[in-house]
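Okay, structure first, notes after.
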Number of protein chains: 2
Amino acid sequence: MAARNYAEYCGLARALELVGERWGMLVIRELIPGPKRFKDLTQGLRRIPSNVLSARLKEMEQAGVVERRVLPRPSGAVVYELTDYGRELDDVLLKLARWGTRSLGEPRDEDTSSPAALLLGLRSLFRPEHARGLRATYELRLGETVVHARVDDGALEVGEGPADADVTIESDLRLRAVMAGELSPADALRDGAARVQGDEALWERFPELFAI
Amino acid sequence: MAARNYAEYCGLARALELVGERWGMLVIRELIPGPKRFKDLTQGLRRIPSNVLSARLKEMEQAGVVERRVLPRPSGAVVYELTDYGRELDDVLLKLARWGTRSLGEPRDEDTSSPAALLLGLRSLFRPEHARGLRATYELRLGETVVHARVDDGALEVGEGPADADVTIESDLRLRAVMAGELSPADALRDGAARVQGDEALWERFPELFAI
DNA sequence: CTGGATCCCTCACGATACTG
DNA sequence: CAGTATCGTGAGGGATCCAG
């Protein structure tokens with residue numbers, strides 16, 4: 001570890017040594033919503049080889065970014081979670097995600113999107129100033145990826161899995177086009193790019209709340 | 001290019017495909033102060049192989065992050081500069097640098113620090129609220145690395161090379177210890193970790209303005 | 001001299017199989 | 001489930017070479 005060094009006395013270079021190796025920041029992305037098991041991580045990061053995941057977790061643990069914890073009995077499960085230091089990267093990942101989203105073209109067939117990826121995307125695109133006075137819970141379903149988002153007057157709270165929602169949106173990766181303003185919510189419904197259950201007005205407002 | 005894909009439909013993954021490969025963000029760091037020639041880049045990034053630098057520049061040019069430009073005659077020199085899109089990463093690099101600085105230990109003998117690295121470090125550690133009412137120009141000399149910083153009532157402006165400064169500080173990588181509060185400015189002078197010409201009170205105030 | 005391109009070697013990554 | 005073991009490939013590292 002750290003064998004692959006930049007040999008620069010620079011905070012940025014150091015940061016990249018800690019979390020800049022391949023898959024590193026994506027592992028952190030997966031851990032932002034909360035502690036996860038090894039298996040959960042491999043499911044969120046479909047293409048990561050298990051030995052690489054293992055290596056990254058060990059390196060980041062040593063770097064003080066990630067903590068390995070064994071749950072108390074009877075569970076006994078092993079989970080990984082971000083340390084406080086690691087969690088401070090949240091803001092960086094948010095900004096990087098927003099920046100990179102502008103270069104996201106049309107989805108390819110092999111593209112996947114984990115719950116953690118979708119949550120980061122939602123948070124990175126949320127516009128508090130357009131959510132004034134609104135209080136609503138969205139449930140989003142993209143294939144097997146299910147997440148929810150609570151908007152409360154400029155504040156956003158998100159989580160993996162379903163929720164007791166005011167509106168449930170079932171869509172796919174074409175959801176990006178809606179958020180980019182390339183496809184209107186109404187057209188998305190007509191094209192079958194989205195199906196909505198519940199308060200349909202909230203769906204109309206969706207691309208205003210989360211805009212690329 | 002992009003053969004090394006994450007196959008994830010996620011802004012963060014896309015960003016990492018564009019600038020997350022080895023040396024990528026460090027090249028951007030070098031370009032933040034302004035356009036640079038290939039040779040300048042190899043000098044700022046001492047350990048980068050020329051073929052890797054060449055590859056990163058080409059990839060980032062294609063990604064719309066970097067622009068290759070040939071200066072008008074008689075210069076005819078080739079320079080690389082950030083596009084507007086690339087410059088938007090400034091804030092990300094700043095935050096990553098600040099985060100990583102906390103994991104910077106003592107400098108190793110082989111460690112270097114380019115002007116661009118030092119400038120990013122200064123900007124990332126600057127505390128505007130501690131610079132109220134102050135107007136001063138610092139010149140910093142760390143070996144061959146010379147930069148300057150103008151503080152003007154909460155605003156900071158930096159640049160490579162010397163300047164007409166109120167105070168000139170000649171130090172080395174031990175400067176980090178001063179900014180971390182591990183070594184007082186007075187002790188640094190006594191230990192020979194720093195030499196100061198000009199307004200010595202500005203040196204006393206330095207670790208307050210730029211703190212880890 | 002700058003601005004790279006080329007060559008070769010090594011090692012990290014990727015794929016897969018396997019174990020406690 | 002939580003990883004480790006093995007092995008092939010290709011990107012990165014280092015040196016050299018070449019064209020303008």
Side-chain angles (χ1 to χ4, degrees), chain A residues 1-8 13 16-27 30-31 35-63 66-81 110 112, chain B residues 1-8 13 16-27 30-31 35-63 66-81 110 112:
Chain A
M1 171 178 358
R4 209 133 173 177
N5 230 315
Y6 289 111
E8 295 200 15
L16 293 173
E17 287 167 6
L18 298 184
V19 302
E21 275 176 292
R22 190 159 167 75
W23 291 106
M25 294 206 199
L26 294 180
V27 171
E30 290 297 310
L31 292 177
K36 283 220 168 65
R37 310 184 59 160
F38 194 93
K39 184 71 175 304
D40 298 331
L41 291 171
T42 64
Q43 283 174 352
L45 304 164
R46 290 291 182 86
R47 313 259 288 217
I48 196 174
S50 62
N51 58 346
V52 172
L53 175 57
S54 185
R56 290 297 160 272
L57 287 170
K58 281 205 180 84
E59 293 160 9
M60 292 184 179
E61 190 186 356
Q62 180 141 4
V66 164
E67 196 172 358
R68 182 189 199 270
R69 204 152 51 88
V70 180
L71 261 39
R73 302 249 28 167
S75 160
V78 177
V79 295
Y80 296 88
E81 61 182 332
E110 71 265 27
T112 62
Chain B
M1 174 177 353
R4 210 139 169 166
N5 232 314
Y6 288 110
E8 296 201 15
L16 293 174
E17 288 168 4
L18 297 185
V19 301
E21 274 177 292
R22 193 160 164 74
W23 292 105
M25 294 205 198
L26 294 181
V27 171
E30 290 297 309
L31 292 177
K36 283 221 169 64
R37 312 182 58 160
F38 193 93
K39 185 67 175 306
D40 298 331
L41 292 171
T42 64
Q43 283 174 351
L45 304 164
R46 288 292 181 84
R47 314 259 289 217
I48 196 175
S50 64
N51 59 343
V52 173
L53 175 57
S54 186
R56 290 298 159 272
L57 287 171
K58 281 203 180 87
E59 293 160 10
M60 293 186 176
E61 190 186 354
Q62 181 141 0
V66 164
E67 195 172 359
R68 183 187 199 267
R69 203 153 51 88
V70 180
L71 261 40
R73 302 247 27 166
S75 159
V78 176
V79 295
Y80 296 88
E81 63 182 332
E110 71 265 28
T112 62

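Numbered from 1 within each chain, the chains take letters A, B, ... in sequence-line order.
Between A:Leu41 and A:Leu57, some side-chain heavy-atom pair lies under the 4.5 Å cut-off. Taking the side chain as every heavy atom from C-beta outward, A:Gln43 and A:Lys39 approach each other to under 4.5 Å. Contact check for B:Glu8 versus A:Leu45: side-chain heavy atoms found under the 4.5 Å cut-off. For the pair A:Val66 and A:Arg68, the minimum side-chain heavy-atom distance is 4.5 Å or more.
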Any N/O pairs under 3.5 Å between the protein and nucleotides 14-19 of chain C? List them or say none.
residue	atom	partner	partner atom	Å
C:dG14	OP1	A:Arg22	NE	2.4
C:dG14	OP1	A:Arg22	NH2	3.2
C:dG14	OP2	A:Trp23	NE1	3.1
C:dG14	O6	A:Asn51	ND2	3.4
C:dA15	N6	A:Asn51	ND2	2.8

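Scored by the side-chain contact (heavy atoms from CB on, under 4.5 Å) test, A:Ser50 finds A:Phe38 as partners (sequence neighbours excluded).
Listed pair B:Ser54 / C:dG3 fails the phosphate criterion, with no side-chain N or O lying under 4.0 Å from OP1 or OP2. Distances shorter than 4.0 Å separate none of the side-chain N or O atoms of A:Tyr6 from OP1 or OP2 on D:dG13. Contact between the side-chain N/O atoms of B:Arg37 and the OP1/OP2 oxygens of C:dT2 is not found at any separation under 4.0 Å. Considering only side-chain N and O atoms, B:Lys39 lies under 4.0 angstrom from the phosphate OP1 or OP2 of C:dT2. Remark: A:Lys36 is not in phosphate contact with D:dC1, judged by side-chain N or O atoms under 4.0 Å from OP1 or OP2.
When each of D:dA2, C:dG4, C:dA12 is scored by its nearest atom to the side-chain atoms of A:Arg56, the top-ranked nucleotide is C:dA12.
Heavy atoms only, all atoms of each residue included: B:Arg69 and B:Pro35 are closest at NH2-CG, 4.3 Å.
Comparing A:Val78 and B:Ala55 against DNA chain D, the residue whose closest nucleotide sits nearer the 5' end is A:Val78.
Taking five base pairs at each end of the helix from C:dC1-D:dG20 to C:dG20-D:dC1 and finding the rotation axis that steps the C1' atoms of four pairs onto the next four gives two axes whose angle is 30°, to the nearest 10°.
Rounded to whole Å, the distance from CG on B:Leu53 to C1' on C:dA5 is 13 Å. Here the P atom of nucleotide D:dA2 and the CD atom of A:Gln43 are 10 Å apart, to the nearest Å. In this structure, B:Leu45 places its CG atom 16 Å from C1' of C:dG4, rounding to the nearest Å. In this structure, NZ of A:Lys58 is placed 14 Å from P of D:dA2, rounded to the nearest angstrom. Atom OH in A:Tyr80 sits roughly 7 Å away from atom C1' in D:dA2 (whole-Å rounding). Between B:Asp40 atom CG and C:dC1 atom P there is a gap of 15 Å when expressed in whole angstrom units. Between B:Phe38 atom CZ and D:dA19 atom P there is a gap of 17 Å when expressed in whole angstrom units. In this structure, the CD atom of B:Glu21 is 9 Å from the P atom of D:dA11, given to the nearest Å.
One distance of note links CG of B:Leu18 with CE of B:Met25; it measures 10.0 Å at 0.5 Å rounding.
Listed for the B:Glu17 side chain is a donor-acceptor partner under 3.5 Å among the backbone atoms of B:Tyr6. With hydrogens and angles disregarded, no donor-acceptor distance shorter than 3.5 Å links the side chain of A:Glu21 to the backbone of A:Arg56.
Of the listed residues (A:Val52, A:Leu53, A:Val19), just one forms a side chain to side chain contact (heavy atoms under 4.5 Å, CB included) with A:Val27, and that residue is A:Leu53.
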